[in-house]
2 protein chains.
Amino acid sequence: MTSTRDRILTATAALFQERGYTGTGLKQISAQSQAPFGSLYHHFPAGKVEIAAETLRTAGVGYQLLFEAIADNEPDIVSGIGAFFAGAAQVLEETDYADACPIATVALEVASTNETLRVVTHDVFELWLASLTSRLANAGLDEVRARELAILAVTALEGAFMLSRAAKNTEAMHVTGRFVVAEIERSLRR
Amino acid sequence: MTSTRDRILTATAALFQERGYTGTGLKQISAQSQAPFGSLYHHFPAGKVEIAAETLRTAGVGYQLLFEAIADNEPDIVSGIGAFFAGAAQVLEETDYADACPIATVALEVASTNETLRVVTHDVFELWLASLTSRLANAGLDEVRARELAILAVTALEGAFMLSRAAKNTEAMHVTGRFVVAEIERSLRR
DNA sequence: GTCTATAGAAGGATAGAC
DNA sequence: GTCTATCCTTCTATAGAC
């Protein structure tokens, strides 16, 4: 029982992953979400930018919940992050390298061209960093170190998505994940 | 004495950094390069994809030369990579976070939508990895470890560009750069 | 050969029928 | 209030004037 509005956001998120913001047309969103074209403007009067902003915020929260679900299934934060990188690699393989980060492509596209959306992508990254920082701090790290490691994890993940998708293999995701895990382990042992 | 062809490639690289592939129009390229619209098709008969492919290859080599120039000015590979991250942060600040990686945005946009350009972005990343791997191997690391560290450096750099541009600050670039430098130092000491 | 003018398709947005 | 048909702009690409 998904609402039209939800279908629009889900379809847009998938299109953003694959084609980015400028590469995604409203007519594509209408087709893929099985929503009549007019419904787009009924639910999002401000048009494409409003759809994009809502999609990014929703997908950003969804991605965080996915991480937390995976992390909560693991004994500690280290294996939680390891499992997340491994899961990302597996999803890439299973979807022919289409299902990656719903924010990344759009973040780079809008950083210098659309201030409204740039702020939304920034907010999503900060949401992730805050969540990860607090988990690392709970594991025993001081706040400063926890945030630094969170930043490393997110930047490394995003860069690994980029190289893995370009290469159509998971080498970068696996290698990068191992480094991040090792670095966090080392910090915790200190 | 820059040729029309060179001006087209330079202008396109700048537009790709700021707006990405689908966000860049041929008319913008024509205007920014001060080349008549017809000249685009004179020099690149296959149109936009050919311009993009040439731009990515040229900018990819240029970026590698920039890294090597910086690295050759430093006493060792560790401070070379440190200087590169620091330089990237400085350029971001000086250009209001517009002048970043000429490949990154396009790489994510085309990964699932244009096989020709996907391969070009992959080739550029592999060029960088090969160069960096050989420098790390020359510094004393075995080939496997050298390639792993090269992958970490490139993924971390690309992710740091993404978060720094979204945030309009250099925190991610500085933090990430320090981790990469520390990791390489540790490997070399072993 | 260099460049302008335009074709044909696709983009976002909107008016108004029902 | 849902949806279709259309508007105007912008896109890539090309034809042909000079």
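In what follows, every chain begins at residue 1, and chains take the letters A, B, ... in the order their sequences are listed. As a basis for the values below, the full set of heavy atoms in this structure was taken, side chains included, without hydrogen atoms, waters or symmetry mates.
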Acceptor/donor pairs from residues 34-53 of chain B side chains to any protein atom, 3.5 angstrom cut, sequence neighbours excluded:
| from | atom 1 | to | atom 2 | distance (Å) |
| --- | --- | --- | --- | --- |
| Lys48(B) | NZ | Tyr21(B) | O | 3.0 |
| Lys48(B) | NZ | Thr24(B) | O | 2.9 |
| Glu50(B) | OE1 | Ala46(B) | N | 2.7 |

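The CG-P distance, from Leu40(A) to dG1(D), rounds to 19 Å in whole Å. In this structure, CZ of Phe44(A) is placed 13 Å from P of dT2(D), rounded to the nearest angstrom. Atom pair His43(A):NE2 and dG1(D):C1' shows a separation of 10 Å (rounding to whole Å applied). Atoms CZ (Arg7(B)) and P (dT2(C)) sit 12 Å apart, rounded to a whole Å.
Here Glu115(A) pairs with Arg118(A) under the salt bridge (Lys or Arg N to Asp or Glu O under 4.0 Å) rule; sequence neighbours left out. Ala153(B) meets the side-chain contact (heavy atoms from CB on, under 4.5 Å) test with Leu132(B), Val180(B); sequence neighbours excluded.
OP1 or OP2 of dT2(C) sits under 4.0 Å from a side-chain N or O of His42(B).
Salt-bridge check for Glu54(B) with Arg57(B): failed, with every basic side-chain N at 4.0 Å or more from each acidic carboxylate O.
Of the residues in residues 103-119 of chain B, not one comes within less than 4.0 Å of DNA chain C through any heavy atom.
In this structure, Val106(B) and Glu109(B) have side chains that are in contact, with non-hydrogen atoms separated by less than 4.5 Å.
With Thr12(B) contributing its side chain and Ile8(B) its backbone, the two residues share a donor-acceptor pair below 3.5 Å. Not one N or O on the side chain of Gln32(A) forms a donor-acceptor pair closer than 3.5 Å with the backbone of Leu15(A).
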Taking N or O atoms only and anything under 3.5 Å, show me the protein contacts with nucleotides 8-13 of chain D, one pair per line.
| from | atom 1 | to | atom 2 | distance (Å) |
| --- | --- | --- | --- | --- |
| dT12(D) | OP1 | Thr24(B) | O | 3.4 |
| dT12(D) | OP1 | Lys48(B) | NZ | 2.9 |
| dT12(D) | OP2 | Leu26(B) | N | 2.7 |
| dA13(D) | OP2 | Tyr41(B) | OH | 2.6 |
| dA13(D) | OP2 | Lys48(B) | N | 3.1 |
| dA13(D) | O5' | Tyr41(B) | OH | 3.1 |

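Listed by first and then second residue, the side-chain hydrogen bond (donor to acceptor under 3.5 Å, both in side chains) pairs involving residues 81-96 of chain B are Gln90(B)-Glu94(B), Asp96(B)-Lys168(B) (not counting sequence neighbours).
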